[in-house]
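Report on the structure given below.
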2 protein chains.
Amino acid sequence: MANYRKPVANQDGGQIKRKLSAAERRTAYIEGAIRCFSEIGFDASTREIARFLGVTQPLLYKYFPSKEELINEVYRHVYLGRWGKNWASQLHNRAIPIRERLIDFYIDYYRSVFDRDWLRIYLFSALRGAKINKWYVEMLEAQVIRPIALELKRELISTEGQNASEAEVEAVWSLQSSVYYYGVRSLVYEVEPSVDVATMIANSVDSLMAVFPNLSSGREQT
Amino acid sequence: MANYRKPVANQDGGQIKRKLSAAERRTAYIEGAIRCFSEIGFDASTREIARFLGVTQPLLYKYFPSKEELINEVYRHVYLGRWGKNWASQLHNRAIPIRERLIDFYIDYYRSVFDRDWLRIYLFSALRGAKINKWYVEMLEAQVIRPIALELKRELISTEGQNASEAEVEAVWSLQSSVYYYGVRSLVYEVEPSVDVATMIANSVDSLMAVFPNLSSGREQT
DNA sequence: TGTTGCATTTATCATACGATAAAATTATGA
DNA sequence: TCATAATTTTATCGTATGATAAATGCAACA
């Protein structure tokens, strides 16, 4: 960044360079805010955020009209910025056996999404009652949980074109829970689990696949 | 409470009555604080708590030396107040099959511990970095998770007197995760799962029992 | 070089917070 | 009934917060 070569064309290049730089600075402010909010919560003062960024507090108000808007930008970065674009196709790729597919996906998911900052922001926003949190859980069910349930049903029970029962969906939620809570214990509570994440995921997938065929028979919903 | 009969003995009875009443008031303050902290977080102001209790703010300082001490009392009430004293013996009662024992225990555990206030206080205190939270997770592992792993090992693999492997312990954590995250989704995120809690617990227990025998062979730890 | 427009800081405001002291109220016991 | 102690309220302090306006710094351009 130190020896970034200035564009030769002054008029357009200069203006674009300046504008981009301003946008990048704004992004840097958001990312600094993420780290502050992650540590302290959304009650982190604007002065603390500014001090962390090495600027003065009123400057933030030139980039964000209010603290609440800064928080909304943080939401967008955290929730939208880490979603894998090829997860959907990855989950449906029947060239790979379902067990391997699930293990690969959850290892990828865990590495992409879960870290201390993300989980803490996720928890803080949930406790603040942010609508985006409920939205995220619903998206997770629609984009990940239910597709997995369908793929399992097709591979293990070979009933094409049928919907997954609610008990089957809930069983996939159990897998999701295992991965999620493993992350929370390790990254938020800081009680290091004694089994590595890949082993935990493989065992949880096996556990799900072992119980899954028993869930299709019987009642749809109570 | 309106027609509570005063004790006849004035000297002792009167004093005891007054002391008890003061202690009860203090307890009522703690419980009101729990409801405030649960909604707002530990940044709920002492003025808000006092308003919720129908008293003035400085009065709280006659019962608690500081806000931090009030928070500590809240911790004690929340974390220690709901622990079932007979859970340990319940989990070891071999007169009942292990599957039924686990289902009964987790239904009992869910009903006793999980509600909106408890879970939110739990999450808020975890994010504040309260040591009591780490302590709770460690106690859970020692009092619940590891005993369950041992009972499962003895019943499913019939190897008496042997310790549970870390993979086995982690598998029980997966069961715990399913129950926990079910509660969080339902009570904190307010995304109602479509399967009732008893069914979810039964399926999760079956899932654990199905995978458990595969975990004993092989490596102890990686 | 001087001027124009943007970026940043200094100074400030109204409000809310945790906490304390003093006054006022209420209950207790002779 | 009255004095004494316990309980609750009013008044207040110093500090921290979100937000705004005015002043300063600074790079680009002629």
Side-chain angles (χ1 to χ4, degrees), chain A residues 1-2 4-30 32-33 36-37 39-74 128, chain B residues 1-2 4-30 32-33 36-37 39-74 128:
Chain A
M1 209 47 134
Y4 169 75
R5 191 138 52 95
K6 233 193 226 170
V8 213
N10 324 38
Q11 41 155 333
D12 278 351
Q15 195 163 12
I16 284 174
K17 168 63 167 46
R18 194 174 30 178
K19 270 200 175 177
L20 261 181
S21 166
E24 281 169 355
R25 220 172 317 140
R26 192 181 136 98
T27 302
Y29 290 171
I30 293 170
C36 277
F37 287 143
E39 272 320 303
I40 303 169
F42 291 108
D43 301 290
S45 74
T46 55
R47 283 170 177 83
E48 274 172 304
I49 297 168
R51 195 182 321 127
F52 180 82
L53 292 165
V55 297
T56 56
Q57 177 247 359
L59 183 59
L60 294 177
Y61 286 84
K62 308 295 176 181
Y63 289 83
F64 311 95
S66 69
K67 184 184 172 183
E68 200 57 38
E69 258 315 304
L70 171 58
I71 290 175
N72 285 335
E73 289 292 346
V74 165
R128 267 174 63 102
Chain B
M1 210 46 135
Y4 169 75
R5 192 137 52 98
K6 234 194 224 169
V8 212
N10 321 37
Q11 41 156 336
D12 278 350
Q15 195 162 12
I16 284 175
K17 168 64 167 48
R18 193 175 31 178
K19 271 202 175 179
L20 262 181
S21 168
E24 280 169 357
R25 222 172 314 142
R26 193 180 135 97
T27 302
Y29 291 170
I30 294 171
C36 277
F37 287 142
E39 273 318 304
I40 303 169
F42 291 109
D43 302 290
S45 74
T46 54
R47 284 172 175 82
E48 274 172 302
I49 297 167
R51 195 182 322 127
F52 179 81
L53 292 166
V55 297
T56 56
Q57 177 247 357
L59 183 59
L60 295 178
Y61 285 85
K62 308 295 177 181
Y63 289 83
F64 311 97
S66 70
K67 185 183 171 183
E68 201 56 38
E69 258 315 303
L70 171 57
I71 291 176
N72 285 336
E73 290 291 348
V74 164
R128 266 173 65 102

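Every chain is numbered from 1 and lettered A, B, ... according to where its sequence line falls, protein lines coming before strand lines.
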Heavy-atom contacts under 4.0 Å between residues 62-72 of chain A and DNA chain C, which residues?
-> A:K62, A:Y63

Side chains of B:L59 and B:L53: does their closest heavy-atom pair fall under 4.5 Å?
-> no

Do you know the tightest heavy-atom contact between A:L60 and A:T46?
-> CD1-O, 3.6 Å

How long is the line joining CD1 of B:I49 and P of C:dA16, in whole Å?
-> 17 Å

Atom CD1 in A:I30, atom CG in A:N72: separation rounded to 0.5 Å?
-> 10.5 Å

Please list residues of residues 50-60 of chain A whose heavy atoms come under 4.0 Å from any atom in DNA chain C, ordered by number; otherwise none.
-> A:V55, A:T56, A:P58, A:L59

So, A:E68 and A:R128, do they make that salt bridge, N to O below 4.0 Å?
-> yes

Under the side chain to side chain donor-acceptor pair (under 3.5 Å) test, residues paired with B:Y63 that sit two or more places apart = B:R25

CD1 of B:I71 to CZ of B:F64, rounded to nearest 0.5 Å, is 11.5 Å

State the CZ-CD1 distance between A:F37 and A:I49, to the nearest 0.5 angstrom.
-> 3.5 Å

Give the rounded distance in Å between these two atoms: CZ of A:R25 and P of C:dC6.
-> 13 Å

OP1 or OP2 of D:dT17 less than 4.0 angstrom from a side-chain nitrogen or oxygen of A:S45, does that happen here?
-> yes

Compute the angle between the rotation axes at the two ends of the helix from C:dT1-D:dA30 to C:dA30-D:dT1, each taken over five pairs, rounded to 10 degrees.
-> 0°

Results of side chain to side chain contact (heavy atoms under 4.5 Å, CB included) for B:E39 - residues two or more places apart only = B:R116

Are the side chain of A:K67 and the backbone of A:S45 linked by a donor-acceptor contact shorter than 3.5 Å?
-> no

Would you kindly give the CD1-to-P distance between A:I40 and D:dG18, to the nearest whole Å?
-> 11 Å

Over all heavy atoms of both residues, which pair between B:A44 and B:C36 is shortest? Give the atoms and the distance, please.
-> CB-O, 4.3 Å

Not counting sequence neighbours, list each pair that qualifies as a salt bridge (charged side-chain N to carboxylate O under 4.0 Å, His left out) and has a residue in residues 41-52 of chain A.
-> none

Grab the CZ-P distance between A:R47 and C:dC17 for me, whole Å please.
-> 16 Å

